[in-house]
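In what follows, a single structure is set out as structure tokens and then discussed.
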Amino acid sequence: MQTDNTLPKENVGTFSLEENIWQGLSLTDAAARQVKKLVEQDPEVKGLQLAVKQSGCAGFAYVLDLTKNPAADDLVYERDGARLYVPLKAMPFIDGTEVDFVREGLNQIFKFNNPRAQHACGCGESFGV
């Protein structure tokens, strides 16, 4: 019997991505429409993959790619038939993010409303958590 309130050593310092409960990601109607529009251009494309990479002055950047062969451990978020694939290792940085597609002047871009982003660089290319 353990008499103090400390955890046994075998439980200290363990962490597993698979054991976390994620809030997930969401797509707005506009983002779902745009993903479906992009996917329709190539019948081999399964959806859009959202990942992160180290980049920029704030630390991380979003990476969007059409994917034909999503990884077996990618998490899949779907809205109205539009699929967003997310690598498990990206979830600590983007969990809870809403993906939107907006028009800004003549430009149309995907926007990320990420509750984990604590700051962004001035040019808008990267974010920090």
Side-chain angles (χ1 to χ4, degrees):
M1 179 175 168
Q2 204 173 349
T3 57
D4 62 4
N5 290 332
T6 61
L7 293 172
K9 279 188 177 186
E10 60 271 8
N11 289 335
V12 175
T14 59
F15 176 78
S16 171
L17 287 172
E18 292 83 14
E19 293 173 7
N20 280 299
I21 302 202
W22 304 109
Q23 293 177 21
L25 277 73
S26 61
L27 292 159
T28 64
D29 286 337
R33 282 191 303 273
Q34 183 62 21
V35 170
K36 287 183 0 183
K37 185 177 176 181
L38 293 170
V39 169
E40 288 171 355
Q41 295 175 12
D42 184 344
E44 292 182 32
V45 172
K46 305 285 189 237
L48 200 62
Q49 183 182 60
L50 173 60
V52 294
K53 68 177 183 174
Q54 286 191 316
S55 178
C57 51
F60 298 97
Y62 301 103
V63 179
L64 278 175
D65 284 309
L66 294 171
T67 184
K68 294 180 180 181
N69 300 307
D73 64 344
D74 280 356
L75 300 176
V76 183
Y77 299 96
E78 186 170 351
R79 179 173 187 153
D80 299 328
R83 290 190 183 113
L84 183 65
Y85 294 89
V86 181
L88 191 57
K89 65 183 178 184
M91 288 304 290
F93 306 102
I94 61 175
D95 188 34
T97 296
E98 176 190 65
V99 180
D100 196 5
F101 188 74
V102 298
R103 184 178 295 248
E104 294 180 348
L106 297 175
N107 298 318
Q108 298 179 46
I109 59 171
F110 283 99
K111 282 270 193 175
F112 307 97
N113 301 313
N114 184 347
R116 295 184 180 264
Q118 306 229 343
H119 58 279
C121 68
C123 63
E125 292 293 320
S126 63
F127 68 97
V129 292

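Under a 3.5 Å cut-off, the side chain of Lys46 and the backbone N or O of Tyr85 do not form any donor-acceptor pair.
For the pair Leu38/Val45, no side-chain contact is recorded, criterion being any heavy-atom separation below 4.5 Å from C-beta on. Side-chain contact between Leu50 and Val63 is absent, with no heavy-atom pair separated by less than 4.5 Å. With a 4.5 Å cut-off on side-chain heavy atoms, Ile94 and Tyr62 count as touching. Between Phe110 and Gln34 there is a side-chain heavy-atom pair separated by less than 4.5 Å. With a 4.5 Å cut-off on side-chain heavy atoms, Glu98 and Thr28 count as touching.
Here the shortest heavy-atom pairing between Gly47 and Val39 reads CA-CG2, 3.7 Å. Annotation for Phe93 and Asn114: closest pair O-ND2, 3.0 Å, computed over non-hydrogen atoms. Considering every non-hydrogen atom in both Pro70 and Thr67, the closest pair reads N-OG1, 3.5 Å. Nearest heavy atom pair, residue Gly96 against residue Gln23, reads CA-OE1, 3.7 Å. Between Lys36 and Ala82, the closest heavy-atom pair is CG-CB, 3.6 Å. Considering every non-hydrogen atom in both Pro115 and Asp95, the closest pair reads CG-O, 3.9 Å.
Under the 4.5 Å side-chain contact rule for hydrophobic residues, Tyr77 and Leu88 share a cluster. Cluster membership for Ile109 and Leu27, using ILVMFWY side-chain heavy atoms within less than 4.5 angstrom, is not shared.
A salt bridge links Asp29 and Arg79; the closest N-O separation between the charged side-chain nitrogens and carboxylate oxygens is under 4.0 Å.
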Given Phe112 and Leu25, is the side-chain contact (heavy atoms from CB on, under 4.5 Å) satisfied, shown in steps?
CA-CA 10 Å; Phe112 307 97; Leu25 277 73; over 6 Å; no
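When the shell of 6.0 Å around CG of Asn69 is examined, it contains 12 or fewer heavy atoms from other residues, nucleotides or ligands.
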